[in-house]
Participant: 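One structure, pasted below without further comment.
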Amino acid sequence: MNRDAARDSVVEAGWQAVRDDGRVRVELLDVAYAEPCLRQLFPWTGMGELHFSRCTEPRWTWDIPYIQPAAEGAYRVSGPLRSQTVGPAATAQEAIATVVQRLPACCGPAFLGTPEELAAHEATTNRHQTGEG
């Protein structure tokens with residue numbers, strides 16, 4: 001299996017694990033998975049929140065906003081850091097659209113590895129693109 005196929009398999013397994021976990025509303029998972037730019041990222045949950053990582057191994061990246069459940073079926077978009085609040089979202093579609101609008105540049109597909117390996121890969125890629133090193 002080549003690296004891209006391996007990555008795709010790991011990411012798909014992540015989506016299935018989040019779905020099987022049951023801590024995130026199915027409606028939100030369905031809308032997030034239907035969005036191609038989010039489907040290629042690695043999903044993970046914490047406290048009923050839906051997070052997206054640019055790498056497939058823990059400690060996942062924390063540079064993408066995440067979605068928290070709110071009262072009466074609504075959502076709250078926060079992040080990327082815990083101390084940052086983006087705002088409320090009445091529907092899953094609105095929450096997903098808000099996250100997509102705030103994705104970092106060149107976001108995805110997920111990198112097969114850890115955040116440290118991703119950072120090293122990006123540093124190497126950036127040096128090659130700028131003609132350095």
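Both backbone and side-chain heavy atoms feed into the values below; hydrogens, waters and symmetry mates do not. These numbers come from a predicted model, not from an experiment.
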Participant: Can you find a heavy atom in the side chain of Val100 that is under 4.5 Å from one in the side chain of Cys37?
Facilitator: yes
Participant: Give me the atom names and distance for the closest heavy-atom approach of Thr56 to Gly113.
Facilitator: OG1-N, 3.1 Å
Participant: Between Glu12 and Arg39, does any side-chain N to carboxylate O distance fall below 4.0 Å?
Facilitator: no
Participant: To the nearest 0.5 Å, how far apart are CG in Leu112 and NE2 in His121?
Facilitator: 11.0 Å
Participant: Quick one: side-chain hydrogen bond (donor to acceptor under 3.5 Å, both in side chains) partners of Ser53, sequence neighbours excluded?
Facilitator: Thr61
Participant: If you measure from CD1 on Ile64 to CZ on Arg102, what distance do you get to the nearest 0.5 Å?
Facilitator: 13.5 Å
Participant: Apart from Leu118 itself, what residues make up its hydrophobic cluster, given side-chain heavy atom links below 4.5 Å?
Facilitator: Phe111
Participant: Check for a donor-acceptor pair, side chain of Trp15 on one end and backbone N or O of Leu29 on the other, with a separation under 3.5 Å.
Facilitator: no
Participant: Residues in side-chain hydrogen bond (donor to acceptor under 3.5 Å, both in side chains) with Gln16, at least two apart?
Facilitator: Asp20
Participant: Would you sort out whether Cys55 and Thr114 count as a side-chain contact (heavy atoms from CB on, under 4.5 Å), showing the intermediate values?
Facilitator: CA-CA 6 Å; Cys55 65; Thr114 67; 5.7 Å; no
Participant: Do Phe52 and Val99 touch side chain to side chain, with heavy atoms closer than 4.5 Å?
Facilitator: yes
Participant: Exactly one of Ile96, Val26, Thr91, Ile67 should register a side chain to side chain contact (heavy atoms under 4.5 Å, CB included) with Val31. Which one does?
Facilitator: Ile96
Participant: Ring pair (Phe, Tyr, Trp, His ring centres under 6.0 Å) with Trp44: which residues, sequence neighbours excluded?
Facilitator: His51, Trp60, Trp62
Participant: So with a 6.0 Å cut-off around CZ of Arg82, is the heavy-atom count from everything else above 12?
Facilitator: yes
Participant: Apply side-chain contact (heavy atoms from CB on, under 4.5 Å) to the pair Glu116 and Arg59, showing each step before the final yes or no.
Facilitator: CA-CA 9 Å; Glu116 294 80 14; Arg59 304 176 331 262; 2.8 Å; yes
Participant: Determine whether Tyr33 and Leu38 satisfy the following criterion, side-chain contact (heavy atoms from CB on, under 4.5 Å), listing intermediate values before the conclusion.
Facilitator: CA-CA 7 Å; Tyr33 189 80; Leu38 294 180; over 6 Å; no
Participant: Without swapping roles, check the side chain of Arg54 against the backbone of Pro109 for a donor-acceptor pair under 3.5 Å.
Facilitator: no
Participant: Does any part of the side chain of Tyr75, heavy atoms only, come nearer than 4.5 Å to the side chain of Arg25, both counted from C-beta?
Facilitator: yes
Participant: For Arg19, enumerate each residue passing the side-chain hydrogen bond (donor to acceptor under 3.5 Å, both in side chains) test, keeping only those at least two apart in sequence or located in another chain.
Facilitator: Asp30
Participant: Using the side-chain contact (heavy atoms from CB on, under 4.5 Å) rule, take Leu41 and Leu103 through it: C-alpha gap first, then chi angles, then the decisive distance, then the call.
Facilitator: CA-CA 11 Å; Leu41 299 174; Leu103 288 174; 4.3 Å; yes
Participant: Can you name the residues that form a side-chain hydrogen bond (donor to acceptor under 3.5 Å, both in side chains) with Gln68, not counting sequence neighbours?
Facilitator: Glu49, Arg76, Ser78
Participant: Which heavy atom of Pro69 sits nearest a heavy atom of Gly48, and at what distance?
Facilitator: CD-O, 3.3 Å
